[in-house]
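Note sheet for the following structure.
Scope of the values below: all heavy atoms of this structure, side chains included, with no hydrogens, waters or symmetry mates. Note on naming: letters A, B, ... go to the chains in the order of the sequence lines (proteins, then strands), and numbering restarts at 1 for each one.
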There are 2 protein chains.
Amino acid sequence: MSNKKTHTILDIAQIAGVTPGTVSRALNDSPLVNERTRERILKIAKDLNYTPNMVARRLSVGKTFAIGVIVPFFTRPSISERLSGVVSILSNSPYDLVIHNIENTKQRTIGFQDMLLKSRIDGALIISMPILDEDIAYLQETNIPIVFIDRKHPGLSDFDSIISDDIAGGYKATKHLLDLGHRKIGFIGDITEIYTKPANGTDKELNPFQFTSSKDRYKGYLKALVEADIPSNPNYFSEDNHGHIEAKSMAIKMLRLSDPPTAIFAASDTQAFGVIQAAREMELNVPADLSIVGFDDVQAAEFMELTTIRQMLYRSGQQGVKKLLERISGSNSRSHQINIPTEIIIRKTTAPPNGQVKIAA
Amino acid sequence: MSNKKTHTILDIAQIAGVTPGTVSRALNDSPLVNERTRERILKIAKDLNYTPNMVARRLSVGKTFAIGVIVPFFTRPSISERLSGVVSILSNSPYDLVIHNIENTKQRTIGFQDMLLKSRIDGALIISMPILDEDIAYLQETNIPIVFIDRKHPGLSDFDSIISDDIAGGYKATKHLLDLGHRKIGFIGDITEIYTKPANGTDKELNPFQFTSSKDRYKGYLKALVEADIPSNPNYFSEDNHGHIEAKSMAIKMLRLSDPPTAIFAASDTQAFGVIQAAREMELNVPADLSIVGFDDVQAAEFMELTTIRQMLYRSGQQGVKKLLERISGSNSRSHQINIPTEIIIRKTTAPPNGQVKIAA
DNA sequence: GCTTGAAATACAAGCGTTTGTATTATAGCA
DNA sequence: TGCTATAATACAAACGCTTGTATTTCAAGC
């Protein structure tokens, strides 16, 4: 590689016979510089192939021109769809997007501290991250704006957040099944696998974190059941770590019950796919023998013809950054919780139980 | 928000009664500082809740501690799986990951110039980006290390690249179909939708870019056909922009031929899903009436039980950054092209044509 | 012709680190 | 005790830009 030294504002200044300050102003369209000099400077800059040093600029103006996105489990489709939304907005802004993935407790602490505290970003978007009580302190301490997507926590009321109405979504899913005539409806959900510090001697203990979206979707499920006067059956409830593999085994267990459910509502599409796999393995026809509804409406859901609850992942990402950008540019309005509505998308994995004829919608 | 002013190295220095230089050295584990003073300084730093200003550090050191990833079409599952691999490596490095998405020509130029030239990153990973001849100049001009993933171009031999053997993959897919007994095999691929500047008066013209992976997969397809002595039928070839919708219509057109193919090889899983949708719409059974094989082995492929060519997307991302990190830390070895092997994953969308009995593998 | 004010530019400090070099303190040794 | 080598620290420049303030220039107004 050639050792081409990059030019600085000073080089330009010398050639143009002005001071660096003037060059800076010329480059930044300041009205304080004469139109002719500006042109001259611009020409020289072009000839020199000048490219501004962003780092210097950042130090000088005291902004990083970067926004950080903190996500767990980058691999999940719902996360990357949300991310797409974020990216779409940021492409047309002067802000860089820096990503931090967090998959375990250690990374978690580092992630929070590093990103939030080391003045590397002007604002943070925290997506689908379980928030522990002990985190709240960090978050409050930081002066940079933060907005949450898909996360509720009582301590978070100071912050902006974008959430889907999970309870309503869970309700809609279950109601749909109920309307179809199902009475035995299983629920398969996930728990967050973040561990808290050993509280009192125990090695490590699972954090009974109460505000995961899965839990809320379950609440909606329950609500629909009581409304229909159906007692909830503990055998029809199961949760484990997120993933289609886990969901598959939960489903198999549930379907092997002596009195198995005729329908299953899964807390995410990924899990619903696991349930579909279980049905295949057990040679159950979907939807004839088993109805399945998911949650998210991930891209693959369409291919799988999965009935699911759409929650506009892409849009939630967009809304989130927009809000964050607002905050960064100094909006001082009270923090706000934006609710993104859900919608049921009926495809081909749901039908009336067994022999029953499907009633036209 | 409280107006807590963040502390600097100078504050610590004053309290500790030393100079900023010493504090800096203490913080960076320099052996030039006495153990006792270091401890004192560390303590003060902790009490003060000191957090280093990365931007200042970057300016001083002359590194950005960030690596840029330039991707087109963030939404494609194959891209985000590659990205996951990148993220997994970068999580354990001091480097930030900044993402630039490029979806059109304008963003493209800006993206290249901004990222590469404005000293915002120490190195770049360019994934699945069509490279135009005119780009090469920029790329060579930049002094920062670049590695390409999934992109070939004759002008790119100066750079490192990670590629899958698309030709071999296409060959494997087609051979599988051939072995099953198919003789009428369609190919559905994509073209890149990057437009070049109007060359001579024309409004804009599609760049006949020759090195997309789809093209190479087609080459492999062709190779298998000639080997089997089957003349290629132009009606069985179709390409359009990438996407399942486009693939679906191409497939429908192809399947409406008076003598339609009994199998279709799609250049990506997404496109294969489109073909599956077409089959559904035309009430064709897969694989009985139509065999389908995709390419990529995206996560959804498993759920869809799609026979496909696996190309280890995640791993390609990992390899890419690793190589880049090497370069950044100064490896001067000659540029290298790493080939990632492909592998056929036989699932349930392929079978012998029509009545024929499937031969056990 | 002198004053006044606006316009354009120069000057210089500042952003928070790092790092090469100079300086001081300390211990070892003859 | 004086000298030297070494360890520890101080000093100061540098990274490349921005921006508040001071200075100069020049034309308009009286």
* For Arg38(A), all residues meeting salt bridge (charged side-chain N to carboxylate O under 4.0 Å, His left out), sequence neighbours excluded ->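 Salt bridge (charged side-chain N to carboxylate O under 4.0 Å, His left out) list for Arg38(A), sorted by chain: Asp29(A), Glu35(A).
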* Structure fact -> The residue among Ile126(A), Leu313(A), Ile127(A) that forms side-chain contact (heavy atoms from CB on, under 4.5 Å) with Ile149(A) is Ile127(A)
* To do: Using a cut-off of strictly less than 4.0 Å, decide whether Arg57(B) has a side-chain nitrogen or oxygen near OP1 or OP2 of dG16(C).
  => no
* Return no unless some side-chain N or O of Tyr50(A) is found under 4.0 Å from OP1 or OP2 of dC17(D). =>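 Yes, because at least one side-chain N or O of Tyr50(A) sits under 4.0 Å from OP1 or OP2 of dC17(D).
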* Begin with the C-alpha distance, continue with both residues' side-chain angles, and end with the deciding distance and a verdict on side-chain contact (heavy atoms from CB on, under 4.5 Å) for Arg327(A) and Ser335(A). => CA-CA 9 Å; Arg327(A) 282 277 172 225; Ser335(A) 71; 4.1 Å; yes
For nucleotides 25-28 of chain C, list the nitrogen or oxygen atoms of the protein found under 3.5 Å from its nitrogen or oxygen atoms, one pair per line.
none

Rounded off to whole Å, could you give me the [atom1]-to-[atom2] distance for the [X] and [N] pair?
| X | N | atom1 | atom2 | answer |
| --- | --- | --- | --- | --- |
| Gln14(A) | dC17(D) | CD | P | 13 Å |
| Phe65(A) | dC15(C) | CZ | P | 17 Å |
| Asp11(B) | dC15(C) | CG | C1' | 14 Å |
| Asn28(B) | dT19(C) | CG | C1' | 11 Å |
| Ile12(A) | dG16(D) | CD1 | C1' | 12 Å |
| Met54(A) | dT18(D) | CE | P | 9 Å |
| Leu10(A) | dA10(C) | CG | P | 13 Å |

Show me the donor-acceptor pairs, under 3.5 Å and distance only, between side chains in residues 79-87 of chain B and residues at least two apart or in other chains.
{"from": "Ser80(B)", "atom 1": "OG", "to": "Pro77(B)", "atom 2": "O", "distance (Å)": "3.3"}
{"from": "Glu81(B)", "atom 1": "OE2", "to": "Gln299(B)", "atom 2": "N", "distance (Å)": "2.8"}
{"from": "Arg82(B)", "atom 1": "NE", "to": "Ser316(B)", "atom 2": "OG", "distance (Å)": "2.9"}
{"from": "Arg82(B)", "atom 1": "NH2", "to": "Gln311(B)", "atom 2": "OE1", "distance (Å)": "3.2"}
{"from": "Ser84(B)", "atom 1": "OG", "to": "Ser80(B)", "atom 2": "O", "distance (Å)": "2.9"}

* **Where Tyr50(A) and Leu27(A) come nearest, the two heavy atoms and their spacing** => CE2-CD2, 3.7 Å
Do [X] and [Y] come close enough that some side-chain heavy atom pair is under 4.5 Å?
| X | Y | answer |
| --- | --- | --- |
| Lys322(B) | Leu325(B) | no |
| His7(A) | Asn49(A) | no |
| Asn28(B) | Arg57(B) | yes |

* Measure up the Phe65(A) and Tyr95(A) rings against each other and bin them: parallel (under 30°), tilted (30 to 60°), perpendicular (over 60°). => tilted
* Please step through side-chain contact (heavy atoms from CB on, under 4.5 Å) for the pair Asp160(A) and Leu324(A), ending with a clear verdict. => CA-CA 8 Å; Asp160(A) 292 301; Leu324(A) 184 59; over 6 Å; no
Restricting to nitrogen or oxygen on both sides, can you table the protein-nucleotides 26-28 of chain D pairs closer than 3.5 Å?
none

* Structure fact -> The correct set of residues in residues 31-47 of chain B placing a heavy atom under 4.0 Å from DNA chain D is Leu32(B), Val33(B), Asn34(B), Thr37(B)
* Between Asp122(A) and Thr64(A), do the side chains contain an N or O donor and an N or O acceptor separated by less than 3.5 Å? ->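 Side-chain D/A pair, Asp122(A) to Thr64(A): present.
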* **Residue pair Ser128(B) / Asp150(B), side-chain donor-acceptor N/O under 3.5 Å** => yes
Please list, for nucleotides 11-15 of chain D, all pairs of protein and nucleotide N/O atoms separated by less than 3.5 Å.
{"from": "dC15(D)", "atom 1": "O2", "to": "Ser60(B)", "atom 2": "N", "distance (Å)": "3.4"}

* Asked: With a 4.0 Å cut-off, would you call Asp96(A) and Arg58(A) a salt bridge?
  ->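 Counted as a salt bridge, because a side-chain N and a carboxylate O are separated by less than 4.0 Å.
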* Salt bridge Lys323(B)-Glu326(B), side-chain N to carboxylate O under 4.0 Å -> yes
